[in-house]
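Lettering follows sequence order; numbering is per chain, from 1.
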Number of protein chains: 2
Amino acid sequence: MPRHVDREERRHHVADALLRIIEREGLEAVSVRTVSAEAGCSVGAVQRYFRSKDEMLRFALETAITRAAGRMAEIRLGPGLMSFPDALRAAVVEYLPLDDGRLAESRIWAAFSARAVVDPTFRAVITGLDRPARDQLARVFAYAESVGELPAGHDHEALACLVIALMDGLMWSLLLRPAPEERSVHLAAVDAAVRSLTATVGRRAGGGAEPAP
Amino acid sequence: MPRHVDREERRHHVADALLRIIEREGLEAVSVRTVSAEAGCSVGAVQRYFRSKDEMLRFALETAITRAAGRMAEIRLGPGLMSFPDALRAAVVEYLPLDDGRLAESRIWAAFSARAVVDPTFRAVITGLDRPARDQLARVFAYAESVGELPAGHDHEALACLVIALMDGLMWSLLLRPAPEERSVHLAAVDAAVRSLTATVGRRAGGGAEPAP
DNA sequence: TCGTATTCGATACACCCGTATTCCTACGTG
DNA sequence: CACGTAGGAATACGGGTGTATCGAATACGA
């Protein structure tokens with residue numbers, strides 16, 4: 001066998017180029033040619049490592065997800081140094097595109113999300129990520145309630161769904177409104193949400209639409 | 001002058017075809033040819049009414065926005081028959097893709113949002129819509145507070161930003177998770193959010209990160 | 001009734017797309 | 001050293017893209 005290269009390293013090199021293009025110009029700008037140019041090699045080279053453009057996109061998505069998941073996993077929402085409201089606020093803020101690194105990740109995430117709306121393959125990857133996230137968050141809420149840091153009576157799964165949707169919504173809002181003065185408004189929104197959730201005296205946990213008394 | 005055609009009507013006919021394609025297959029599937037086929041005419045016909053594909057997309061976006069804005073304008077959040085929490089909940093639920101019509105609108109909205117992340121022209125249109133929405137919502141919160149239906153002490157602009165982000169986040173969540181059983185979870189999340197916001201005893205309105213007592 | 005201006009379909013053009021093929025280079029091994 | 005093979009570049013190919021151009025209908029004013 002003649003000279004061989006680190007396949008996995010090359011694949012990641014190409015995937016990184018692809019993600020840079022998404023981050024800069026969006027998913028529509030991704031083509032085999034633009035990616036190979038960004039990666040500094042020829043079309044044939046990227047073809048050697050990915051059988052098709054689709055496989056390349058899937059690999060890049062998985063790469064992006066793995067990295068984001070790694071960063072999220074570092075957030076300790078359980079028993080820690082901070083009070084529960086502070087930890088929750090820190091977790092949400094950590095998710096938002098407030099520095100260049102998270103801005104890049106968010107733009108990539110947004111692009112893949114939009115494609116997932118019409119592409120079942122990508123949708124499966126994304127929603128497969130959602131279930132454990134929601135469950136973990138729900139467990140965190142259950143724990144917080146058990147130690148008295150969260151008022152009782154909440155539906156923890158609904159709360160998890162709510163917080164995840166809020167994080168996504170704030171992420172989109174910041175992506176679409178890059179003006180620096182938007183940061184403070186969004187931080188205040190996070191603050192209001194965390195304070196409301198943790199200060200509420202929960203009454204019923206059901207999901208019905210019965211009028212509030 | 002020879003035979004005369006209702007230009008505006010034709011433009012809307014083409015724009016409708018374009019929006020149907022976005023709703024069905026996403027923005028990537030939009031080309032001059034696919035749109036003309038969907039509209040049941042030739043490429044030359046759509047070219048007569050839109051100088052370029054870009055103009056066609058902009059017109060379609062404005063059409064979609066006008067319709068969505070019209071539907072949102074029908075929601076009365078001011079003094080009405082419902083209590084404030086119920087009205088707020090109804091407004092949020094009205095925004096979500098829970099029937100075919102709103103599902104179509106949401107898919108279109110999502111596609112344009114993703115494009116707006118990397119296209120300043122579309123971004124300007126979308127964010128131009130955001131300012132009045134946020135202001136109006138803030139005024140609604142101020143009114144609700146003034147009549148005692150919302151606890152005092154909240155930053156109304158932050159609250160408006162929060163609610164809009166929550167609506168968008170829940171919309172995306174439902175778009176990516178079309179399973180019917182997700183509906184109840186999301187409705188429960190709306191319920192939890194509305195109850196938390198309207199039941200909270202607001203303390204401070206600042207956006208700081210001071211630890212909760 | 002006869003132009004003439006307008007609608008609109010057909011088609012041409014140059015370019016970019018994803019993929020397949022081809023061919024040269026350069027290295028690890030015999 | 002020479003051989004064979006993996007690595008990678010170049011390029012071909014069929015098809016889709018946005019746009020421009022050209023003709024053929026058509027319906028009104030003269």
(Q) Under a 4.0 Å threshold between the charged nitrogen and the carboxylate oxygen, would A/Arg134 count as salt-bridged to B/Glu182? (A) yes
(Q) Please tell me if B/Ser42 has a side-chain N or O lying less than 4.0 Å from either OP1 or OP2 of C/dA10. (A) no
Q: Round to a whole Å and report the spacing from CZ of A/Arg11 to P of D/dG7.
A: 13 Å
**Q.** Between C1' of D/dG18 and CG of B/Leu27, the distance in whole Å
**A.** 16 Å
Q. Taking OP1 and OP2 of C/dC16, is either one under 4.0 Å from a side-chain nitrogen or oxygen of A/Ser31?
A. no
Q.
Rounded to whole Å, please give me the gap between NZ in A/Lys53 and P in C/dC16.
A. 15 Å
Q | Length of the line joining A/Arg33:CZ and D/dA9:C1', which is rounded to integer Å | A | 13 Å
Q: Could you tell me whether the phosphate oxygens of D/dA9, OP1 or OP2, come under 4.0 Å of any side-chain nitrogen or oxygen in A/Arg48?
A: no
Q: Would you kindly give the CG-to-C1' distance between A/Leu57 and C/dT19, to the nearest whole Å?
A: 15 Å
Q. For B/Tyr49, which contact category applies under a 4.0 Å heavy-atom criterion: base, sugar-phosphate, or nothing?
A. sugar-phosphate
Q) Strictly by modelled atom types, are A/Arg177 and A/Ser173 linked by a side-chain donor-acceptor pair under 3.5 Å? A) yes
Q. Would one find a side-chain N or O of A/Ser52 under 4.0 angstrom from OP1 or OP2 of C/dG18?
A. no
Q. Between atom CZ in B/Arg10 and atom P in C/dT6, what is the gap in whole Å?
A. 16 Å
Q.
Please report the distance, rounded to the nearest Å, between CG in A/Asp54 and C1' in C/dT19.
A. 13 Å
(Q) Salt bridge check, B/Glu55 against B/Arg11: does any charged N sit closer than 4.0 Å to a carboxylate O? (A) yes
Q) Just how far, in rounded Å, is P of D/dA9 from CD of A/Gln47? A) 12 Å
(Q) So A/Arg51, base contact, sugar-phosphate only, or nothing? Heavy-atom distance under 4.0 Å. (A) nothing
Q | Considering all heavy atoms, the nearest A/Ala110-A/Trp172 contact | A | CB-CH2, 3.5 Å
Q.
If I compare all heavy atoms of A/Arg107 with all of A/Arg24, which pair ends up nearest, and what's the gap?
A. NH2-O, 3.6 Å
